[in-house]
Structure formats: C-alpha cells, structure tokens
Amino acid sequence: MQNTRADVKGMARASVAHAKSLCDDVEFSPMDATRSDLEFTAEVLQIAIDEGATTINIPDTVGYTSRTSTRPS
C-alpha cells in the first residue's frame, strides 16, 4: 500500500473513530496482520481498541503464518 507506519496508525485511528461515531459495535481487522511485525501489529490493535473498537479480528488473506514473520526486525 506504500504507507509508512505512521500513516497506518493514523488511518486506524481515523477509521475506528469515524465508525464509532456511526455505531456502537465496531470491528477492526488489520489486513494480513499475522505476517507483519508483531510489536507494530500490537500498537495498531491498541490504537483501534483505544478509539473504541469492540471486536478485533486478526485475519490473514493468504491463509498462513510463519514463525519468522512475527519476529521484530
């Protein structure tokens, strides 16, 4: 997507806040999160929770993870 980590955090914050302004039950699903840096994924999920997400999904559209994909770089 060519976004920086700051961009991703900002988009998560803005999208959950917007959704929360429209309804009480907000789900947040970061795309392919299982293949991202674990600490960064946790930061993004915390932002979503802090903004009011009530359900967190951790999907992987490819359908697999690998042990090396969750190690911090």
Side-chain angles (χ1 to χ4, degrees):
M1 291 178 55
Q2 305 295 321
N3 294 310
T4 67
R5 288 178 176 222
D7 292 339
V8 172
K9 291 178 188 180
M11 288 187 293
R13 184 173 284 110
S15 62
V16 173
H18 178 68
K20 193 68 177 177
S21 75
L22 300 172
C23 65
D24 291 330
D25 186 18
V26 175
E27 293 191 26
F28 182 79
S29 305
M31 181 173 70
D32 295 333
T34 59
R35 290 181 283 131
S36 298
D37 173 67
L38 185 59
E39 289 180 28
F40 177 67
T41 299
E43 285 182 61
V44 172
L45 294 175
Q46 189 61 58
I47 288 168
I49 292 165
D50 292 347
E51 289 298 328
T54 52
T55 301
I56 299 295
N57 300 298
I58 305 175
D60 192 310
T61 58
V62 174
Y64 72 93
T65 64
S66 70
R67 192 171 81 93
T68 59
S69 67
T70 58
R71 288 186 185 166
S73 49

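Source: prediction; values computed, not measured.
- Closest approach of Ala33 to Ile58, counting heavy atoms only: CB-CG2, 3.8 Å.
- Under a 3.5 Å cut-off, the side chain of Asp50 and the backbone N or O of Ile47 do not form any donor-acceptor pair.
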Open item on the list: Test side chain to side chain contact (heavy atoms under 4.5 Å, CB included) on Ile49 and Ile56; report intermediate values, then the result.
Closed with: CA-CA 8 Å; Ile49 292 165; Ile56 299 295; 3.9 Å; yes
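- Val44 approaches Ala12 most closely through the heavy-atom pair CG1-CB, 4.0 Å.
- Between Glu51 and Ala17, the shortest heavy-atom distance links the atoms OE1-CB, 3.6 Å.
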- [ ] For Thr54 and Lys20, run side chain to side chain contact (heavy atoms under 4.5 Å, CB included): C-alpha distance rounded to whole Å, both residues' side-chain angles, the deciding distance at 0.1 Å, then the answer.
- [x] CA-CA 9 Å; Thr54 52; Lys20 193 68 177 177; 4.0 Å; yes
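- With values rounded to the nearest 0.5 angstrom, Leu38 atom CG is found 10.5 Å from Glu43 atom CD.
- With rounding to the nearest 0.5 Å, the separation of CG in Asn57 from CZ in Phe28 is 10.0 Å.
- Counting non-hydrogen atoms of other residues, nucleotides and ligands closer than 6.0 Å to CE of Met31 gives a total of 12 or fewer.
- Atoms CZ and NZ, on Arg13 and Lys9 in that order, are 8.0 Å from each other to the nearest 0.5 Å.
- Nearest heavy-atom pair, Ala48 versus Val16, reported as atom, atom and distance to 0.1 Å: O-CG1, 3.5 Å.
- Around atom CG of Asn3, more than 12 heavy atoms belonging to other residues, nucleotides or ligands sit under 6.0 Å away.
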